[in-house]
Amino acid sequence: MIRIYLVLRIVAFIALIVFCLTGQTKKHEYSKRDKAFYADPALVNFVRPGLVIVINSAKISSDGAISVTYTLTDPSGLPLDAAGVTTPGEVSLTYIASYIPKGQTQYVAYTVGQATGPVLGTITRPSFETGGGTVTSAGSGEYQYTFLAQAPAGFDPTVTTTVGVVGSRDLTSFNLGTSYAGNTLNFVPNGAAVTVTRDVIRTASCNTCHDQLVFHGGHAVGLEQCVLCHQPQNADPTSGNTLDLKVMAHKIHMGSQLPSVIGTPTTPGVPYIIYGYMNSPNDFSAVVDPADPRRCAVCHSQTASPTPGTGVAPGTAPTAVPKQAKAFLTNSSRAACGACHDDVNFATGANHAGGFQTNDGQCMNCHIPQGQTPFDASIMGAHVVPNDTPATYPQNPDTLISSIVVTITGITNTKAGQKPVVAFTVKDLNGNVILLNDPTLDGLKFTMAGPTSDYGYTSFGSDVTTPGYVAEDGTQGTCDASGNCKYTFQHAIPASATGTYAIGVESVRLENVIPKTNAAQEVSSGAPNQVSYFSVDGSAVQPRRTVVAETNCNQCHVNLTEHGNRRNNPEYCVLCHNPSNTDISKRPAGQTPQTINMAVMVHRIHNGVNAAADGPKNPFIVDTTDFSGVLYPAFGPNGSSNYMQNCSMCHVNGSESNLPLGLNQVMDPQGWINPVQSISSACSGCHVSKAEASHFAANGGDPATSALGEACTVCHASGAQFAVDAVHAQ
């Protein structure tokens with residue numbers, strides 16, 4: 001009995017030691033977006049890729065010396081040597097210091113530099129220090145930096161001061177890329193509590209579309225650092241444009257919609273250009289905001305996000321709604337509003353219904369946060385996107401559209417050779433029945449396609465000209481007194497059909513908002529596209545594979561609608577945008593049609609500028625729309641734009657790595673290979689050059705030269721040497 005007791009005590013002691021050691025050596029888990037996820041574990045254990053900067057404290061001495069103490073660690077919390085001697089990878093650092101003067105809301109920089117340009121000459125503007133100050137090490141990854149810049153004599157020690165530390169850890173020699181990090185800390189030099197902050201928009205809001213907000217080659221990470229320099233003190237001396245963030249950001253996101261860019265019949269437009277590093281021009285005149293710039297709350301988020309200025313590592317800070325989240329509603333200014341409405345001259349009153357304004361004091365008299373009706377002069381009302389009216393003004397149902405919801409409640413007659421019967425309802429958002437002959441109903445269409453294993457090559461009859469699908473007019477259905485409707489398809493499921501087929505629905509309602517007033521207008525509201533699946537041969541129902549999610553699309557687009565607001569769900573879009581379809585029905589006679597297969601089209605649209613620069617066979621034009629100028633909003637880890645490597649921004653379930661081997665060939669009349677095999681087609685959406693097409697052809701992408709099909713999975717399947725997820729990692 002004593003022996004058993006001793007054995008149990010020893011086992012428990014060993015378990016305790018193992019638990020403690022495990023806790024002490026807990027390793028950071030890398031995601032599939034990181035090169036470290038795919039690297040040799042021994043190399044990763046040695047290098048410990050990644051960078052975390054925690055600001056511990058900051059101070060300004062009585063003689064104006066500014067200093068900051070910070071710690072550099074890897075993601076597991078182990079200290080790093082900035083010089084890269086005792087730990088792998090040198091860490092390059094930049095430093096910023098700014099303050100908010102008493103009674104003001106924006107920063108003024110302590111760290112400044114000079115810039116020269118033809119319009120403004122030589123000016124002093126905010127900058128960051130990449131050295132010049134004094135760095136001392138306290139060991140264990142802790143450092144103190146004393147700025148070269150100093151607070152001037154008589155500086156105010158009672159105001160909020162913010163320091164920022166930004167770093168990059170170079171691990172390229174280990175093929176592990178470069179890690180970037182940054183952090184800020186708010187403090188009051190006399191030791192008092194911080195009560196004044198600049199907290200209007202946070203990085204989390206920007207990253208819903210930009211993915212990772214980084215600028216200046218990795219020297220500025222996150223919006224909390226951007227505001228330290230991009231304030232009224234800052235300007236571009238070459239163009240003369242202000243670099244104040246509230247102006248610059250509005251103008252960039254308005255881009256192609258700026259009145260100054262569009263011009264007038266008598267005055268040509270002027271490009272909106274900012275000159276950056278080495279005087280390189282950055283022309284934002286072609287920018288189209290995927291969310292629509294009228295949706296102010298996309299950036300001015302009213303929901304929780306990480307609290308800036310805490311000195312805590314990103315991702316671990318507490319959450320709260322930004323303190324000045326409603327500033328855009330309660331603090332109107334000529335600078336902010338005039339950034340988008342740049343045809344308004346506040347000094348003369350030109351193009352301003354309120355006349356001339358010599359200061360911002362009168363703005364809120366007319367531009368209250370929100371009125372009772374949409375499209376009024378209130379800030380919310382003036383920025384209403386018509387399709388958003390029900391969500392924006394639910395308190396006044398007499399003035400807004402009631403919207404529309406079409407619900408498929410069942411499908412019968414679903415065997416091969418039969419004509420399906422669709423049971424459905426049409427209602428508004430309040431559950432009221434909308435009749436099929438309602439004059440506001442602008443059509444109702446049911447679309448049938450199949451099999452779900454891959455759409456595109458099924459014929460629904462010799463009279464059907466739409467490739468791979470058939471669409472019919474659902475308003476020809478019949479309804480009972482309770483609004484329960486049925487529609488019988490005029491075309492049958494092919495007699496030879498097998499597997500699972502799909503029927504989806506689209507509809508639009510047109511209504512007049514605020515009729516008999518000067519704000520009256522007709523708005524359209526599209527029904528959510530529901531797709532229902534059914535077996536045609538008794539086999540188990542297999543819905544079409546899910547590649548992307550509508551919620552992912554709406555991270556950027558907010559409310560993605562196409563074709564006159566009729567189509568809004570990728571699950572429905574693929575019924576028509578299938579491998580056999582092109583834009584031939586919209587092309588003038590004699591012109592070569594363009595593929596509109598979803599995999600090619602969406603990649604090529606989002607790849608816009610990159611695809612045009614990489615030398616495709618033809619610019620990507622669908623119908624008459626040229627997508628060569630599309631600027632994809634995601635940023636690379638060093639701040640590079642049009643960064644296409646984070647496939648998970650759109651894809652779900654790892655679908656970007658599940659190569660579509662053996663699916664239908666894709667018609668691509670303007671492509672290098674036509675028809676082209678399924679994997680090569682999807683990849684050619686981004687990889688558009690002739691050399692890359694040759695690679696596809698050499699590995700079975702050209703059906704005309706390969707009877708064996710594609711060999712892409714040998715090298716690019718998950719786990720292979722050049723797996724899709726691995727080569728897109730950063």
Side-chain angles (χ1 to χ4, degrees), residues 387 389-391 394 397-450 452 460-461 463-464 466 469-494 497 500-513 515 522-538 541 543-544 550 561 563-569 571-572 575-576:
N387 294 348
T389 312
D398 295 333
T399 67
L400 53 87
I401 59 177
S402 54
S403 196
I404 179 173
V405 176
V406 181
T407 303
I408 298 175
T409 58
I411 303 175
T412 55
N413 282 15
T414 58
K415 300 305 180 186
Q418 293 181 333
K419 295 180 178 180
V421 177
V422 183
F424 64 99
T425 61
V426 185
K427 298 181 180 180
D428 65 21
L429 292 181
N430 297 317
N432 301 310
V433 171
I434 300 174
L435 301 176
L436 296 183
N437 62 355
D438 189 310
T440 68
L441 192 65
D442 188 30
L444 188 156
K445 182 189 294 183
F446 290 109
T447 301
M448 177 167 56
T452 55
F460 289 91
D463 62 326
V464 178
T466 49
Y469 68 96
V470 61
E472 297 189 5
D473 182 3
T475 63
Q476 301 304 306
T478 58
C479 305
D480 63 20
S482 299
N484 298 303
C485 307
K486 288 187 176 181
Y487 175 76
T488 301
F489 264 82
Q490 302 302 298
H491 293 85
I493 302 166
T500 299
Y501 274 54
I503 290 178
V505 65
E506 63 180 71
S507 185
V508 165
R509 197 175 189 200
L510 301 176
E511 294 183 273
N512 292 318
V513 180
E522 184 179 72
V523 297
S524 68
S525 177
N529 300 139
Q530 181 187 353
V531 179
S532 294
Y533 299 97
F534 53 93
S535 173
V536 300
D537 60 1
V541 173
R544 199 258 190 190
E550 182 183 4
T561 58
H563 302 283
N565 299 323
R566 297 174 188 279
R567 296 159 201 172
N568 47 60
N569 181 0
E571 187 181 11
Y572 180 70
L575 300 182
C576 301

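Heavy atoms only: backbone and side chains are in, while hydrogens, waters and symmetry mates are out.
Within the 3.5 Å criterion, the main-chain N or O of D473 finds no donor-acceptor partner in the side chain of Q476. When atom types are taken as modelled, the side chain of Q530 and the backbone of P528 share no donor-acceptor pair closer than 3.5 angstrom. Listed for the N529 side chain is no donor-acceptor partner under 3.5 Å among the backbone atoms of E571. E522 places no side-chain N or O within donor-acceptor distance of the main-chain N or O of L510, the cut-off being under 3.5 Å. With hydrogens and angles ignored, the 3.5 Å screen pairs a side-chain donor or acceptor of D480 with a backbone N or O of G483. Without hydrogens or angle criteria, T409 side chain to A423 main chain gives a donor-acceptor distance under 3.5 Å.
Here the closest heavy-atom approach between residue L575 and residue A502 is recorded as CD2-CB, 4.2 Å. Of all heavy-atom pairs between A449 and Y469, the closest is CB-CB, 4.0 Å. For the pair A497 and A416, the tightest heavy-atom approach, listed with the atom from each and the gap, is O-CB, 3.8 Å. Closest approach of V508 and G526 over heavy atoms only: CG2-CA, 4.1 Å.
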For the pair V433 and V426, evaluate side-chain contact (heavy atoms from CB on, under 4.5 Å) and give the outcome as yes or no after the intermediate values.
CA-CA 6 Å; V433 171; V426 185; over 6 Å; no
Evaluate the side chain to side chain donor-acceptor pair (under 3.5 Å) criterion for residues S525 and R509: first the C-alpha distance (whole Å), next the side-chain angles of each, then the deciding distance (0.1 Å), finally the verdict.
CA-CA 5 Å; S525 177; R509 197 175 189 200; over 6 Å; no
Please test V531 against I503 for side-chain contact (heavy atoms from CB on, under 4.5 Å), starting from the C-alpha separation and ending with a verdict.
CA-CA 6 Å; V531 179; I503 290 178; over 6 Å; no
For S524 and N565, run side chain to side chain donor-acceptor pair (under 3.5 Å): C-alpha distance rounded to whole Å, both residues' side-chain angles, the deciding distance at 0.1 Å, then the answer.
CA-CA 7 Å; S524 68; N565 299 323; 2.4 Å; yes
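Remark: N437 CG to C479 SG distance equals 9.0 Å, nearest 0.5 Å. The distance from atom CG of N413 to atom OG1 of T488, rounded to the nearest 0.5 Å, is 7.5 Å. Between the OG atom of S532 and the CD1 atom of I408 there is a distance of 4.0 Å, given to the nearest 0.5 Å. Remark: N568 CG to H563 NE2 distance equals 11.0 Å, nearest 0.5 Å. We find the CG-CG distance between D438 and L444 to be 11.5 Å, quoted to the nearest 0.5 Å. The line from OH of Y487 to CG of L436 is 11.5 Å long, rounded to the nearest 0.5 Å.
At a threshold of 4.5 Å between non-hydrogen side-chain atoms, the residues Y501 and Y533 do not count as touching. Residues S507 and L441 have side chains in contact (heavy-atom distance under 4.5 Å, counting atoms from C-beta outward). You'll find the side chain of T500 stays beyond 4.5 Å of the side chain of V536, heavy atoms only. Within the 4.5 Å cutoff, the side chain of S403 has no heavy atoms near those of the D428 side chain. A heavy-atom distance below 4.5 Å is not found between the side chains of T425 and V406. Between H491 and V470 the shortest side-chain heavy-atom distance falls below 4.5 Å. The shortest side-chain heavy-atom distance between P420 and M448 falls under the 4.5 Å cut-off. You'll find the side chain of D442 reaches within 4.5 Å of the side chain of R566, heavy atoms only.
A side-chain hydrogen bond (donor to acceptor under 3.5 Å, both in side chains) with Y572 holds for exactly one of E550, E506, R567; it is E506.
When ring centroids are compared, F424 and F446 come within the 6.0 Å threshold.
No more than 12 heavy-atom neighbours from other residues, nucleotides or ligands sit within 6.0 angstrom of NZ on K486.
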